[in-house]
Amino acid sequence: MAKEPVRVLVTGAAGQIGYALVPMIARGIMLGPDQPVILHMLDIPPAAEALNGVKMELVDAAFPLLKGVVATTDAVEACTGVSVAVMVGGFPRKEGMERKDVMSKNVSIYKAQASALEKYAAPNCKVLVVANPANTNALILKEFAPSIPEKNITCLTRLDHNRALGQISERLNVQVSDVKNVIIWGNHSSTQYPDVTHATIKTPEGEKPVPALVNDDAWLKGEFITTVQQRGAAIIKARKLSSALSAASSACDHIRDWVLGTPEGTWVSMGVYSDGSYNVPAGLIYSFPVTCSGGEWKIVQGLSIDEFSRGKLDATAAELAEEKALAYSCLS
Ligand SMILES: NC(=O)C1=CN([C@@H]2O[C@H](COP(=O)(O)OP(=O)(O)OC[C@H]3O[C@@H](n4cnc5c(N)ncnc54)[C@H](O)[C@@H]3O)[C@@H](O)[C@H]2O)C=CC1
Ligand SMILES: O=C([O-])CC(=O)C(=O)O
């Protein structure tokens, strides 16, 4: 029997990530090739005409899985009945800015949209915040939507995770699909900690640890980390626009794995509400290694954390605590 369509919200849908993301969702890349969808697209009035153009193109593409399109500038209409909400709406940084420089504009959007989601989304709606500063926007959304379970509010660090897989694949000249279990800890910012301590490569002789295969601690603790941390800035420098196709693709990966589950033996990185695991202060949205099953994520427990990693985990947590304080000062 054909599945009932799922309503998926994309905010900021007239923007550049939105333009890459909505066709992926309509093609089944986010929720699977047998899952029909109804797209809800929200943007602000100055972008209404462009948003309508995106809607026209979705109609023109004749996606078999796409059962309807709502294109609106009304947050209530946009949020009504959605089971997945991908929050991309906001303002991107420009060259030379840190992601937290867009804080004051963006956190107020997330405070406002929290209540529309809380009141009108489907019960158990899964929320993914993409707009920067992603962790802190997600935290503000959580705090101003107290009836949404905290496990349902996440932020995107899967792009950083995928960037780390890509860098290891290039360095070792192996297929990216053979690299797994990198970790992004902490903030989606330049303090994030891309960690390959537990990562492995699939080889004909079985799984081998990445640190032994790379065999260059200076690179792993130096250039590898800064390349991943600074990749967003490198894309802005090259394109004069921030990452869009990779952000959209990673947002699909994030929701797909959350809804449909991670493969056995594989974890991914998600920004989730900290429960104090790994001595990360509770009450921050922090990126952890997680596995997903039955539509729920779970933080991978029991990984060893050496002294180098401990320092990095704590530094990015400290930045998130500062961002939280800054966000509240912007809102008051
Ligand atoms: N977490 C991650 O890995 C990544 C996050 N980003 C962030 O995603 C966000 C979007 O990036 P782009 O699509 O490149 O930006 P963009 O400027 O092309 O599009 C953003 C869209 O949001 C809309 N918007 C603004 N306020 C809104 C509101 N209150 N409600 C609904 N829509 C609203 C704008 O009109 C625009 O159409 C930025 O904050 C960017 O920094 C970008 C790449 C990766
Ligand atoms: O760097 C930016 O501003 C956009 C972004 O978050 C990324 O590409 O990771």
Side-chain angles (χ1 to χ4, degrees), residues 9-22 40-54 71-79 85-117 127-138 140-141 154-164 166 184 186-192 194 227-255 269-271 285 287:
L9 167 65
V10 176
T11 72
Q16 43 144 16
I17 295 176
Y19 192 70
L21 179 59
V22 291
H40 286 218
M41 304 194 297
L42 176 70
D43 214 294
I44 48 177
E49 197 179 349
L51 186 67
N52 194 42
V54 178
T72 180
T73 57
D74 173 17
V76 170
E77 187 186 6
C79 292
V86 189
M87 312 298 286
V88 185
F91 295 89
R93 68 168 166 162
K94 301 277 161 32
E95 205 168 339
M97 294 164 82
E98 282 297 322
R99 295 184 183 107
K100 60 187 164 202
D101 295 337
V102 290
M103 174 84 72
S104 66
K105 276 183 167 173
N106 286 351
V107 285
S108 53
I109 296 174
Y110 285 81
K111 179 182 173 191
Q113 290 178 354
S115 24
L117 270 177
V127 182
L128 166 60
V129 176
V130 175
N132 283 313
N135 302 54
T136 299
N137 287 338
I140 293 301
L141 197 157
T154 64
C155 83
L156 188 71
T157 54
R158 183 62 174 270
L159 174 54
D160 309 286
H161 181 101
N162 288 343
R163 286 167 172 161
I184 302 298
N187 199 2
H188 173 66
S189 77
S190 47
T191 67
Q192 66 177 260
T227 299
V228 177
Q229 288 173 332
Q230 297 295 337
R231 190 65 159 187
I235 302 288
I236 295 173
K237 190 156 186 291
R239 268 179 25 92
K240 315 293 174 232
L241 287 170
S242 55
S243 304
L245 84 85
S246 55
S249 178
S250 301
C252 289
D253 289 345
H254 177 115
I255 297 287
S269 303
M270 279 171 71
I285 300 265
S287 180

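Each ligand, and each atom within it, is numbered from 1 in the order the structure gives. These numbers were taken from a predicted model, which means no experiment stands behind them.
In the vicinity of G232, heavy-atom distances shorter than 4.0 Å reach the ligand 2 atoms 1 (O), 7 (C), 8 (O). Residue-ligand proximity, S243 to ligand 2, at heavy-atom distances under 4.0 Å covers atoms 8 (O). Of all atoms in ligand 1, listed by their number and element, those nearer than 4.0 Å to a heavy atom of L159 are 3 (O), 44 (C). Within ligand 1, the atoms closer than 4.0 Å to a non-hydrogen atom of A247 are 43 (C), 44 (C), numbered from 1 in the order shown. Listed by number with element, the atoms of ligand 2 under 4.0 Å from a non-hydrogen atom of N132 are 3 (O), 4 (C), 5 (C), 6 (O). Remark: ligand 2 atoms within the under-4.0 Å shell around heavy atoms of R93 are 1 (O), 2 (C), 3 (O). Which parts of ligand 2 touch S242 is read off a 4.0 Å heavy-atom cut-off, strictly below it: atoms 4 (C).
Protein heavy atom closest to atom 20 (C) of ligand 1, with residue, atom name and distance, is G90 O, 3.4 Å. Remark: minimum distance from atom 43 (C) of ligand 1 to any protein heavy atom is reached at S243 O, 3.5 Å. The protein non-hydrogen atom at the shortest distance from atom 29 (N) of ligand 1 is I109 CG2, 3.4 Å. With respect to atom 6 (N) of ligand 1, the closest heavy atom belonging to the protein is N132 ND2, 3.4 Å. Annotation: atom 13 (O) of ligand 1 to nearest protein heavy atom, I17 N, 2.9 Å. The closest protein non-hydrogen atom to atom 17 (O) of ligand 1 is P92 CD, 3.3 Å. In terms of protein heavy-atom proximity, atom 14 (O) of ligand 1 is nearest to Q16 NE2, 2.9 Å.
Looking at S243 and L159, their side chains come closer than 4.5 Å, going by heavy atoms from C-beta outward.
At a heavy-atom distance under 4.0 Å, only side-chain atoms of R163, from C-beta outward, approach ligand 2. At a heavy-atom cutoff of 4.0 Å, ligand 2 is contacted by the side chain of H188 but not by its backbone. With a 4.0 Å cut-off on non-hydrogen atoms, I236 touches ligand 2 through its side chain and not its backbone. The residue I235 has no part lying near ligand 2, judged by heavy-atom distances below 4.0 Å.
Environment of CD in E95: crowded, with over 12 heavy atoms of neighbouring residues, nucleotides or ligands closer than 6.0 Å.
Distances shorter than 4.0 angstrom do not occur between any heavy atom of R158 and any atom of ligand 1. In this structure, S242 counts as a contact residue of ligand 1, since one of its heavy atoms falls inside 4.0 Å of the ligand.
Not a single N or O atom of G18, backbone or side chain, sits closer than 3.5 Å to an N or O atom of ligand 1. Of the polar atoms of Q113, at least one N or O is found under 3.5 Å from an N or O of ligand 1, judged by distance alone.
The two residues P133 and M103 make their nearest non-hydrogen contact at CG-SD, 3.8 Å. Counting all heavy atoms, side chain and backbone alike, S242 lies closest to I235 at C-CG2, 4.2 Å. Summarising the geometry of A78 relative to H40, their closest heavy-atom pair is O-ND1, 2.9 Å, with the distance given to 0.1 Å. Between S108 and S104 the shortest heavy-atom distance is OG-O, 3.4 Å.
Between the choices T72, L241, V88, D160, the shortest heavy-atom distance to atom 10 (C) of ligand 1 belongs to V88. Around atom 27 (C) of ligand 1, the closest heavy atom drawn from L42, I44, V130 belongs to I44. Looking at G232, G12, A75, it is G12 that brings a heavy atom closest to atom 32 (N) of ligand 1.
With 3.5 Å as the limit, one finds no donor-acceptor pair spanning the side chains of E98 and S189.
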